[in-house]
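Quick one: the structure is below, and I'll ask about it shortly.
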There are 2 protein chains.
Amino acid sequence: MLDERKRRVLQALTDDYIQTAEPVGSRNLARKYNLGVSPATIRNEMADLEEEGYLHQPHTSAGRIPSDKGYRYYVDELMARWEPGPAERSAVYREVVAVRRAMEEMIHEAARLLARHTQYASVVAAPRLEASVFRRLDLVPLDETRVVAIVVADPGFVQHRIVEVVRPVTQDQCDIVADRLNRRLFGVRYGDIGRDLLSGIKDEVGHPELYDAVADLLTSGLGDRETDKVYLEGTLNILSQPEFRDIERARSLLALLEARDILTQVLNHASRHSGTTVIIGQENPVPALRECSVVSATYRLGDEVIGALGVLGPTRMDYSKAVGMVQYVANHLSEALMGLVRGH
Amino acid sequence: MLDERKRRVLQALTDDYIQTAEPVGSRNLARKYNLGVSPATIRNEMADLEEEGYLHQPHTSAGRIPSDKGYRYYVDELMARWEPGPAERSAVYREVVAVRRAMEEMIHEAARLLARHTQYASVVAAPRLEASVFRRLDLVPLDETRVVAIVVADPGFVQHRIVEVVRPVTQDQCDIVADRLNRRLFGVRYGDIGRDLLSGIKDEVGHPELYDAVADLLTSGLGDRETDKVYLEGTLNILSQPEFRDIERARSLLALLEARDILTQVLNHASRHSGTTVIIGQENPVPALRECSVVSATYRLGDEVIGALGVLGPTRMDYSKAVGMVQYVANHLSEALMGLVRGH
DNA sequence: GTTAGCACTCTCCGGCGCGGAGTGCTAAGA
DNA sequence: TCTTAGCACTCCGCGCCGGAGAGTGCTAAC
């Protein structure tokens with residue numbers, strides 16, 4: 001579609017704009033990037049690129065800025081591939097891979113690292129439980145009608161909820177329910193726990209109501225709230241971006257980010273296709289994020305996609321680094337999670 | 001020290017400035033608050049108040065602004081007592097007291113509520129464990145050298161840590177260690193768990209290393225990290241304050257808040273004396289918070305102070321409402337926590 | 001097809017003047 | 001002696017203006 005020279009102009013211009021946040025003029029472009037032609041020629045090319053929708057001018061007699069279409073072309077075809085340097089490699093190793101602790105901690109650390117190294121905001125969706133393996137359930141009565149249910153799943157994953165029942169419950173009853181369920185479920189993949197698997201036990205236990213409540217929790221309840229959990233880090237970085245020098249803009253974006261469900265939505269949208277996804281400006285389904293871009297990738301436990309992580313910044317984003325970093329972190333997080341699974 | 005008329009002028013001026021964020025002039029003051037004297041007289045009083053350090057002028061020929069000393073006098077002697085209205089009462093009930101779930105959730109909700117109703121940032125220090133009562137320990141092996149230790153304490157409080165050992169450990173060994181410790185510790189106040197209480201068991205269990213690691217966790221480890229845990233909510237509210245219209249200021253404050261240890265420090269400083277504390281501007285030990293005020297109060301479990309909560313805003317803060325609200329929430333949180341304790 | 005030259009446009013920025021708000025001082029009144 | 005009206009003065013904020021700078025599009029020559 002675009003001839004070689006137009007591609008080079010678009011690439012140089014986008015690189016420059018990403019770096020400086022200032023509209024880029026022909027003279028500047030000719031000086032900094034040796035395109036081998038004069039500013040006048042570049043002007044002509046720029047006019048063509050604008051006509052085709054890849055660039056636009058904030059006002060006559062200003063330099064050009066890439067449009068969303070321009071960024072899209074840049075991301076798909078032009079940008080250089082970014083490779084992690086020693087700093088990034090060692091940081092990922094130290095702060096994510098080496099944390100052989102709870103799964104959640106690793107994921108949280110991944111979010112922090114991503115934010116710190118890209119200088120954008122990072123978003124990480126907490127993992128879906130389906131792929132993890134049930135290990136143990138404990139029921140501890142708090143008082144007569146409230147019981148703490150604690151579930152441990154395989155890659156270092158602990159969750160607890162308080163279950164309320166109407167009929168008073170004793171420690172012994174808790175132990176029986178827990179024991180039966182543990183026998184039945186040990187080693188079972190979380191996503192495979194269903195009503196059928198749990199049937200036939202109910203009559204054996206002394207407190208059917210408790211049993212029901214816990215079974216509910218196991219089949220659906222635990223996942224529900226966790227799926228929506230999103231780690232958000234580096235929101236402050238956004239304030240450093242010149243596009244958010246205007247405080248009202250910054251505020252409305254930050255307010256949006258605070259409402260985590262929007263982010264979940266964006267990440268879910270992204271995690272439909274595995275691999276790395278780049279959503280640029282207008283492409284974003286959420287209207288309020290039309291001036292932002294999101295780079296995201298999925299992470300896995302074994303072969304199964306269990307979550308997504310990404311960075312969010314202005315459309316004028318360093319896509320090359322963002323994509324590279326997100327991919328790198330996603331891959332190493334996946335590996336590290338696999339390393340947590342019992343027996344590895 | 002100050003005669004009645006000076007007190008009234010200082011009060012009116014502070015009220016006005018808190019509301020409008022604009023330097024207050026004599027004419028304005030005379031018109032809005034019927035002080036019964038002319039602007040000229042008020043001018044004289046204001047000049048006196050300035051000389052004594054209660055007010056200052058941003059520049060000649062501007063109105064006056066309370067100084068830190070002025071705010072201090074206002075807080076200690078002048079401000080009206082704020083009482084929670086139906087909105088606040090019902091919100092506290094619905095969102096904190098009625099959440100009869102885990103302690104942490106309640107506390108987190110308290111932080112959110114405080115932020116929402118004051119429009120400042122809220123800070124809540126997670127409770128010290130000392131006052132809670134041990135109920136149950138569970139040890140679940142993840143793999144041969146890593147064990148999840150889960151501790152349940154009385155007011156609906158669950159924590160877990162991953163413990164690493166060198167010598168491989170089996171499920172049975174875990175069960176024995178847990179069982180011995182549970183027998184010994186059930187019903188013991190957390191703060192009373194010490195080495196002496198745990199002595200004599202070590203030889204009974206099959207895995208002394210695991211025993212040691214868990215004992216360590218119980219005597220010191222669990223508390224350590226939790227004490228530093230701080231819930232921070234409503235940081236965005238700060239951006240709405242006109243004193244932070246300047247983005248750089250806003251950014252540096254937000255960056256400071258992100259480093260939670262500073263907040264812990266401030267709250268700890270405040271929780272030395274029980275009751276409500278107001279730290280105004282310069283009084284703050286943290287230099288970067290010299291333009292902010294913090295209103296905080298302690299919350300209790302029974303008679304014991306276990307944590308602190310507060311709000312943070314510009315020195316031009318609605319102290320009356322802030323103090324009232326912080327107190328109200330602290331009291332009701334304390335009550336609600338007591339209500340969680342087994343048997344109530 | 002490329003490029004030098006040129007006229008034109010638009011933003012940014014410092015200087016200027018003006019209106020408004022507020023002050024301090026003085027002198028007259030209670 | 002305290003209060004207040006009057007007045008001159010100060011300083012900020014704002015709109016206006018003009019020049020410098022950056023960039024463009026067009027034209028004509030190479």
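Order of the sequence lines fixes the chain letters, A, B, ..., with proteins taken first and strands second; residue numbering starts at 1 for each chain.
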* Structure fact -> Applying salt bridge (charged side-chain N to carboxylate O under 4.0 Å, His left out) to A:D261 and not counting sequence neighbours gives none
* Looking at residues at least two apart in the chain, or sitting in another chain, which of them share a ring-ring contact (aromatic ring centres under 6.0 Å, His included) with A:Y319? -> A:Y71
* For DNA chain C, find the residues of residues 16-26 of chain B with a heavy-atom distance under 4.0 Å and give them by number; none if there aren't any. => B:G25, B:S26
* To do: Kindly state which residues belonging to residues 38-57 of chain A come within less than 4.0 angstrom of DNA chain D, counting heavy atoms of the residue only, listed by number.
  => A:R43, A:M46, A:Q57
* **Partners passing ring-ring contact (aromatic ring centres under 6.0 Å, His included) against A:Y73 (at least two apart in sequence or in another chain)** => A:Y54
* Excluding sequence neighbours, so at least two apart, what forms ring-ring contact (aromatic ring centres under 6.0 Å, His included) with A:Y328? -> A:H332
* Applying ring-ring contact (aromatic ring centres under 6.0 Å, His included), name anything that partners A:F244, two or more places apart in sequence or on another chain. => none
* What residues form a salt bridge (charged side-chain N to carboxylate O under 4.0 Å, His left out) with A:E22, not counting sequence neighbours? -> none
* Please round to 10 degrees the angle between the axis of the first five pairs and the axis of the last five pairs in the helix from C:dG1-D:dC30 to C:dA30-D:dT1. => 20°
* Asked: Taking only residues at least two apart or on different chains, which pairs with a member in residues 55-64 of chain B satisfy side chain to side chain donor-acceptor pair (under 3.5 Å)?
  -> B:E50-B:R64
* To do: Hey, could you give me each pair passing side chain to side chain donor-acceptor pair (under 3.5 Å) that has a residue in residues 233-247 of chain B? Not counting sequence neighbours.
  => A:R251-B:S240, B:H108-B:E233, B:Q241-B:R316, B:E243-B:R316
* Outermost DNA chain C nucleotides near chain A [under 4.0 Å, heavy atoms] -> C:dT2 to C:dT11
